[in-house]
Amino acid sequence: MNLSDFFLIKYGPEILERTLEHLLLVVISITIAVLMGIPLGIMITRRHDLRQPVLGIANVMQTIPSLALFGLLIPVPIIGGIGAVPAIVALTLYSLLPIIRNTYTGITGVVPSIKEAGRGMGMTDTELLLQVEIPLAMGVILAGVRVATVISIGIATIAAAIGAGGLGVFIFRGISVVNNQLILAGAVPAALIALIADLGIGTLERHLMKGKSAKTSH
């Protein structure tokens, strides 16, 4: 095989273009999911009656097959149709569960004696949340963001089915013409992005967990 036939060289410029499209879909959807998921996770630590409904709805979103969810969004007004918008909506919905669940787990897992010490110092519930609970739970919250990001990177490949672009364009094109190089041109960069994101967020998560351990030991 000639070097020029190697998929990274052969499709290099388009791989870069599709990778940027892919990253844009993931970054926007994860940002929205974080802005929605963390407040929802915090809310259900204060309103226990809402815990089951919120987690139940998020669980249902996870059980819907990804291609089916993309298809179901097509006829929905405003957020539906073809292109990036319904893809971002679907990716956001898929990303919510690990973020909500880990936010709830992280905050409820803070040692009660630390919270009692904060209340003894006269902290309000808001001050306790912002200055004690969230900083100590941040490692667990980041673990949820990490899982959500990796899931989103994988599912974003299916967004090509509704015209949202991304690396899935190569995969669907490769399947349609039975071309393994085209499939690899989409699958390999997507896998690399997922690995880099996992390592990056994982490193930050471990750093925060070490800081948490150091604080709780004093």
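No experiment lies behind these values; they were computed from the predicted model shown.
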Any non-hydrogen side-chain atom of Leu129 less than 4.5 Å from a side-chain atom of Thr126?
no
Might you point out which heavy atoms bring Ala33 and Leu96 nearest each other, and give the distance in Å?
O-CD2, 3.7 Å
Distance from Ile183 atom CD1 to Leu167 atom CG, nearest 0.5 Å?
13.5 Å
Any non-hydrogen side-chain atom of His48 less than 4.5 Å from a side-chain atom of Ile44?
no
Between Glu127 and Arg119 (salt bridge meaning N to carboxylate O under 4.0 Å), is one present in this structure?
no
As a quick check of understanding, evaluate side-chain contact (heavy atoms from CB on, under 4.5 Å) for Met138 and Val145, giving each step before the final call.
CA-CA 10 Å; Met138 190 54 69; Val145 175; over 6 Å; no
Working for side-chain contact (heavy atoms from CB on, under 4.5 Å), residues Glu133 and Thr45:
CA-CA 11 Å; Glu133 293 176 303; Thr45 65; over 6 Å; no
Are Val147 and Met36 grouped together when hydrophobic residues (ILVMFWY) are joined by side-chain heavy atoms under 4.5 angstrom apart?
yes
Are Ile32 and Phe70 connected in a single hydrophobic cluster, I mean Ile/Leu/Val/Met/Phe/Trp/Tyr linked by side-chain heavy atoms less than 4.5 Å apart?
yes
Quick one: CD1 on Ile15 to CG on Leu20, what's the gap to the nearest 0.5 Å?
12.0 Å
Hey, mind stepping through Ile42 and Ile134 against side-chain contact (heavy atoms from CB on, under 4.5 Å) and telling me if it holds?
CA-CA 9 Å; Ile42 292 170; Ile134 289 179; 3.8 Å; yes
Do the side chains of Ile74 and Ile79 join up, straight or via other hydrophobic residues, at under 4.5 Å, putting them in one cluster?
yes
Within the structure provided, determine whether Tyr11 and Leu182 are in side-chain contact (heavy-atom separation under 4.5 Å).
yes
Under a 4.5 Å cut-off applied to non-hydrogen side-chain atoms, are Pro98 and Gln62 in contact?
yes
Would a single hydrophobic cluster contain both Val89 and Leu97, if residues Ile, Leu, Val, Met, Phe, Trp and Tyr are joined by side-chain heavy-atom contacts under 4.5 Å?
yes
Can you tell me how far CD1 of Ile193 sits from NE2 of His22, rounded to the nearest 0.5 angstrom?
5.5 Å
Strictly distance-based, threshold 3.5 Å: is any side-chain N or O of Tyr94 a donor or acceptor partner for the main-chain N or O of Ser66?
yes
Reported NE2-to-CG distance for the pair His207 and Leu142, which is rounded to 0.5 angstrom
11.0 Å
Between the side chain of Asn59 and the main-chain N/O of Leu55, is any donor-acceptor distance below 3.5 Å?
yes
Which heavy-atom pair separates Gly71 from Pro75 by the least distance, and what is that distance?
O-CD, 3.6 Å
Taking atom CE of Met43 as the centre, does the number of heavy atoms from other residues, nucleotides or ligands within less than 6.0 Å exceed 12?
yes
Locate the shortest heavy-atom distance separating Ser152 from Leu91; write the atom from each residue and the value.
O-CD2, 3.7 Å
Any chance you could measure Glu205, atom CD, to Ile141, atom CD1, to the nearest 0.5 Å?
11.0 Å
How long is the span from the CG atom in Leu73 to the CD1 atom in Ile162, to the nearest 0.5 Å?
7.0 Å
On a heavy-atom basis, the closest approach of Leu67 and Ala161 is CD1-CB, 3.9 Å
Residues Leu25 and Ala84: closest non-hydrogen pair is CD2-CB, 4.0 Å
Is there a donor-acceptor pair closer than 3.5 Å between any side-chain N or O of Thr108 and the backbone N or O of Tyr104?
yes
Are Phe170 and Ile158 in one and the same hydrophobic cluster, where Ile, Leu, Val, Met, Phe, Trp and Tyr link if side-chain heavy atoms are under 4.5 Å apart?
no
Leu69 versus Ile155: any side-chain heavy-atom pair under 4.5 Å?
no
Provide the closest heavy-atom pair for Val110 versus Lys115 in the form atom of the first, atom of the second, distance.
O-CE, 3.7 Å
